[in-house]
Amino acid sequence: MATQFPGLLLNSAGLTLAGGRSLSCRNNQPPAAISSANPPSLSSTIQVVGWKGAGGSGSQNSKLFNSFEDIQEEYDWNDLETDLYHWTKTLRPVQWYPGHIAKTEKELKEQLKLMDVVIEVRDARIPMSTSHPQMDSWLGNRNRILVLNREDMISTADRNAWATYYANQGIKVVFSNGQLGMGALKLGRLAKALAGTVNIKRKAKGLLPRPVRAGVVGYPNVGKSSLVNRLLKRRMCAAAPRPGVTRELKWIRFGKDLELLDSPGIIPMRISDQTAAIKLAICDDIGERSYDAADVAAILVQMLSRLPTVGNKALCDRYKIEADGRCGKIFVQKLAVQLFNADNNQAAFRILQDFRKGKFGWIALERPPK
């Protein structure tokens with residue numbers, strides 16, 4: 001007997017997506033990520049903050065996704081990455097490097113020498129793609145806290161998978177929502193605790209204590225300034241939902257014990273990984289002028305059609321257009337004719353905005369590598 005869910009058909013043989021494409025469930029292999037109902041016991045030296053378990057609250061869409069966690073974890077994300085690599089080979093490369101970023105990068109390297117702890121902010125939907133390839137070499141052995149911001153935009157299964165992945169690597173990770181302030185206070189306490197040895201050493205040398213210095217760094221539009229504002233409980237840094245708003249380094253005092261450095265987004269001068277570049281464009285973490293919206297929306301359609309929690313049926317239900325998931329460009333063109341007087345650009349931006357606003361549910365576009 002089969003059970004019908006939006007975008008999914010479940011039966012004993014496996015998983016069938018709307019549109020007829022099937023995915024077999026490999027029950028003989030352990031899932032790549034843990035389910036929220038049975039979280040692992042984390043080492044006492046690892047602090048994972050803001051991790052929702054099965055009892056955590058979420059949107060209606062999140063509740064729907066949690067019902068499909070086991071299916072989602074059987075899905076082979078490596079196949080999606082392979083497909084994405086081939087899809088992007090024929091597209092115009094996505095490159096974006098505004099002039100202020102080169103200046104920021106140079107100044108930031110100098111300021112890093114003054115920092116006791118570095119808070120690296122990434123987009124929780126694409127943690128790997130928002131990781132700067134040179135960050136490790138810049139930071140060296142300096143204390144670091146990894147913040148996965150926009151945790152409200154991913155499912156519990158996504159969140160638990162990343163929490164486990166980073167805990168196994170011994171990396172301190174905080175899940176946050178810079179808009180609502182979730183995780184901000186815990187982040188502040190963790191930063192002070194990590195850098196607590198600074199004043200112990202100063203006291204041993206006969207020096208007076210000073211505030212802990214923490215730098216907030218990361219890609220454009222991942223929510224750095226919003227997070228700083230939440231920590232300060234007032235708007236001290238300009239913040240807007242688009243890349244490139246912050247353009248200069250700014251030290252801000254947070255009480256008597258902490259100083260924060262808000263910094264502009266930094267991104268490689270040349271993005272060699274175009275699969276990462278496409279995901280940056282989808283999640284609005286790179287300037288709009290750097291990519292062709294119709295191409296990016298077409299890739300997004302093809303990705304969504306392959307995800308078990310979305311599938312072709314969700315696309316069809318939302319736009320009243322048949323979707324087979326094989327050619328996203330045709331889907332964009334159909335939507336343009338139906339709603340936007342054949343304007344592919346407007347149709348593309350509608351699809352991208354719908355994803356960014358969670359109209360297909362809150363989902364990550366990456367899972368930890370195996």
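Residue indices begin at 1 and follow the sequence shown.
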**Message:** Please determine whether residues Val94 and Met269 belong to a single hydrophobic cluster, defined as Ile, Leu, Val, Met, Phe, Trp and Tyr linked transitively by side-chain heavy-atom distances below 4.5 Å.
**Reply:** yes
**Message:** Assess whether a salt bridge exists between Asp136 and Arg142, defined as any Lys/Arg side-chain N lying under 4.0 Å from an Asp/Glu carboxylate O.
**Reply:** no
**Fill in**
dist Trp96:CH2 -> Leu280:CG (nearest 0.5 Å) comes out at 10.0 Å
**Request:** State the CD1-NZ distance between Ile299 and Lys279, to the nearest 0.5 angstrom.
**Result:** 11.5 Å
**Item:** SB check Glu110 Lys106 (cutoff 4.0 Å)
**Value:** no
**Request:** Answer yes if Leu114 and Val216 sit in the same cluster of Ile, Leu, Val, Met, Phe, Trp and Tyr residues linked by side chain heavy atoms under 4.5 Å apart, and no otherwise.
**Result:** no
**Item:** Gap between atom CZ of Arg122 and atom OG1 of Thr130 - 0.5 Å precision
**Value:** 6.5 Å
**Message:** Nearest 0.5 Å, please: how far is CG in Asp292 from CG in Leu91?
**Reply:** 8.5 Å
**Item:** Salt bridge present between Asp295 and Arg92 (N-O < 4.0 angstrom)
**Value:** no
**Asked** Roughly how far apart are Leu260 CG and Ile252 CD1, rounded to 0.5 Å?
**Response** 6.5 Å
**Item:** Steps toward side chain to side chain donor-acceptor pair (under 3.5 Å) verdict (Trp162, Glu366)
**Value:** CA-CA 10 Å; Trp162 285 110; Glu366 292 178 342; over 6 Å; no
**Asked** In the single-linkage hydrophobic clustering (I, L, V, M, F, W, Y; side-chain heavy atoms under 4.5 Å), do Phe355 and Leu339 co-cluster?
**Response** yes
**Prompt:** Is there a path of hydrophobic side-chain contacts, each under 4.5 Å between heavy atoms of I, L, V, M, F, W or Y residues, that connects Val198 with Leu208?
**Reply:** no
**Request:** Measure the acute angle between the ring planes of Trp138 and His132, then classify it against the limits of 30° and 60° as parallel, tilted or perpendicular.
**Result:** tilted
**Item:** Heavy-atom pair of closest approach, residues Ala364 and Trp77
**Value:** O-CH2, 3.6 Å
**Complete:** Looking only at heavy atoms, the pair that brings Ala347 and Val332 closest together is CB-O, 3.7 Å
**Request:** Test side chain to side chain donor-acceptor pair (under 3.5 Å) on Asp79 and Thr82 and set out the steps.
**Result:** CA-CA 5 Å; Asp79 288 347; Thr82 302; 5.2 Å; no
**Heavy-atom side-chain proximity of Asp285 to Pro220 below 4.5 angstrom** = no
**Asked** So, do Ile278 and Val296 sit near enough that their side-chain heavy atoms are less than 4.5 Å apart?
**Response** yes
**Prompt:** With the threshold set at 4.0 Å, does a side-chain nitrogen-carboxylate oxygen contact exist between Asp354 and Arg318?
**Reply:** yes
**Message:** Please determine whether a side-chain nitrogen of the Lys or Arg among Arg125 and Glu151 lies less than 4.0 Å from a carboxylate oxygen of the Asp or Glu.
**Reply:** no
**Message:** Among residues at least two apart in sequence or on other chains, which ones pass ring-ring contact (aromatic ring centres under 6.0 Å, His included) with Tyr219?
**Reply:** none
**Prompt:** Does a side-chain heavy-atom distance below 4.5 Å link Lys334 with Ile330?
**Reply:** yes
**Message:** Taking the side chain as everything from C-beta on, heavy atoms only, tell me whether Pro127 gets closer than 4.5 Å to Tyr166.
**Reply:** yes
**Message:** Less than 4.5 Å apart, side chain to side chain, heavy atoms only: is that true for Ile363 and Leu304?
**Reply:** yes
**Asked** Same hydrophobic cluster for Val337 and Phe340, using side-chain heavy-atom links shorter than 4.5 Å among ILVMFWY?
**Response** no
**Asked** Do Gln111 and Leu261 come within less than 4.5 Å of each other through their side chains, counting heavy atoms only?
**Response** yes
**Fill in**
When rounded to the nearest 0.5 Å, the distance separating CD of Glu120 from CG of Leu148 is 9.5 Å
**Message:** Quick one, Tyr85 with Glu81, criterion side chain to side chain donor-acceptor pair (under 3.5 Å). Give me CA distance, side-chain angles, the key distance, then yes/no.
**Reply:** CA-CA 6 Å; Tyr85 170 76; Glu81 289 295 317; over 6 Å; no
**Asked** Ser176 and Asn149: side chain to side chain donor-acceptor pair (under 3.5 Å), yes or no, with the steps?
**Response** CA-CA 5 Å; Ser176 72; Asn149 195 34; 2.9 Å; yes
**Message:** Less than 4.0 angstrom from a charged side-chain N to a carboxylate O is my criterion; do Asp116 and Arg213 meet it?
**Reply:** no
